[in-house]
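First comes the structure, then the notes that go with it.
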Amino acid sequence: MDNSNTKSPSLLGAVRSASWSIGLTQEELARVESTVIERRFAPGSLVCRKGEPVEYWYGVIEGLLKLSSDAESGKTASLTGVPPGGWFGEGSLLKSEIRRYDGVALRDSRMALMPRQTFLWLLDHSISFNRYLLTQLNERLGQFICLLESERLLDTDARVARCVATLFNPVLYPGLSRKLAVSQEELGYLTGISRQRVNRSLKILQDAGYLSVAYGGITILNLDGLRKLGS
DNA sequence: TCATTAAATTGTT
DNA sequence: AACAATTTAATGA
């Protein structure tokens, strides 16, 4: 039905199809391809840890991540989910500071890791890469502003809507079809809402025509509508 | 290809 | 959190 027929993308395939690599020269692309590595992560394991030095720029080849920040009080704030095709960590790399959030694999995930050195080299050599980063940073900023609002002001259904809408962000996660294989339990982890409540919200959103729920995944029918629920 | 079984996910309380 | 119902995936004839 969904992308189960899709063969597992290779590391280099993921790099070449990434939107930031399209404008690179052969030389630049070659440098990226010779330094990027792949790593697997089991469900629940930490891809990157808050407080540690930032050594890589991360891309999701396959799987699903949650970026979250655990306060010392024990409260955990989920920042965003990252589906396949998403790259993150550029903010911390640019500022050369320690990482400010955890990256947790919600299921078996394959990650592409671009060394910091390569990332900075691209920054110095490729105009199109810089342009990509601008749009990426801008888009993410908009997401976080919406996130702040939704955490405080919106009801649970709208928070679920926002979470789903961010997963389908065409700028940050291009090439994603309107279908995404994400279980209701995983959405619960992403939103910090119980699976039961997510189930209820999804049904409401489905009845309202924004999306359709199916076994093991959802299909977006009205992305703009979902966004507006959160604004 | 089809039937059976196990595992994952959903729907409900 | 627990439970039943449903869907998928795996297995073997």
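Here the structure is a predicted model, which means the values were calculated and not measured. Below, read A as the first sequence line, B as the second, and so on, with proteins coming before strands; counting in each chain starts at 1. Just so you know, these numbers use all the heavy atoms, side chains as well, and skip hydrogens, waters and symmetry mates.
Salt bridge status for R49(A) with D70(A): absent, with no side-chain N to carboxylate O gap under 4.0 Å.
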*asked:* Q136(A) vs W87(A), test: side-chain hydrogen bond (donor to acceptor under 3.5 Å, both in side chains). Steps then yes/no.
replied: CA-CA 9 Å; Q136(A) 164 115 336; W87(A) 291 74; over 6 Å; no

Hey, can you pull the donor-acceptor pairs under 3.5 Å for the side chains in residues 121-130 of chain A, sequence neighbours left out?
residue	atom	partner	partner atom	Å
W121(A)	NE1	H125(A)	ND1	3.4
W121(A)	NE1	H125(A)	NE2	3.4
H125(A)	ND1	W121(A)	O	2.8
S126(A)	OG	S128(A)	N	3.4
S126(A)	OG	S128(A)	OG	3.2
S126(A)	OG	F129(A)	N	3.0
S128(A)	OG	G23(A)	O	3.3
N130(A)	ND2	L123(A)	O	2.9
N130(A)	ND2	S126(A)	O	2.7

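Residue pairs meeting the side chain to side chain donor-acceptor pair (under 3.5 Å) criterion with at least one partner in residues 102-113 of chain A, sequence neighbours excluded, are E38(A)-R110(A), E62(A)-R110(A), R107(A)-E186(A).
Within a 6.0 Å sphere centred on CZ of F119(A), heavy atoms belonging to other residues, nucleotides or ligands number more than 12.
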*For each nucleotide in nucleotides 7-13 of chain B, reading 5' to 3', give B when a protein heavy atom comes within less than 4.0 Å of its base, S when such contact involves only the sugar-phosphate, and - otherwise.*
-BBBBBB

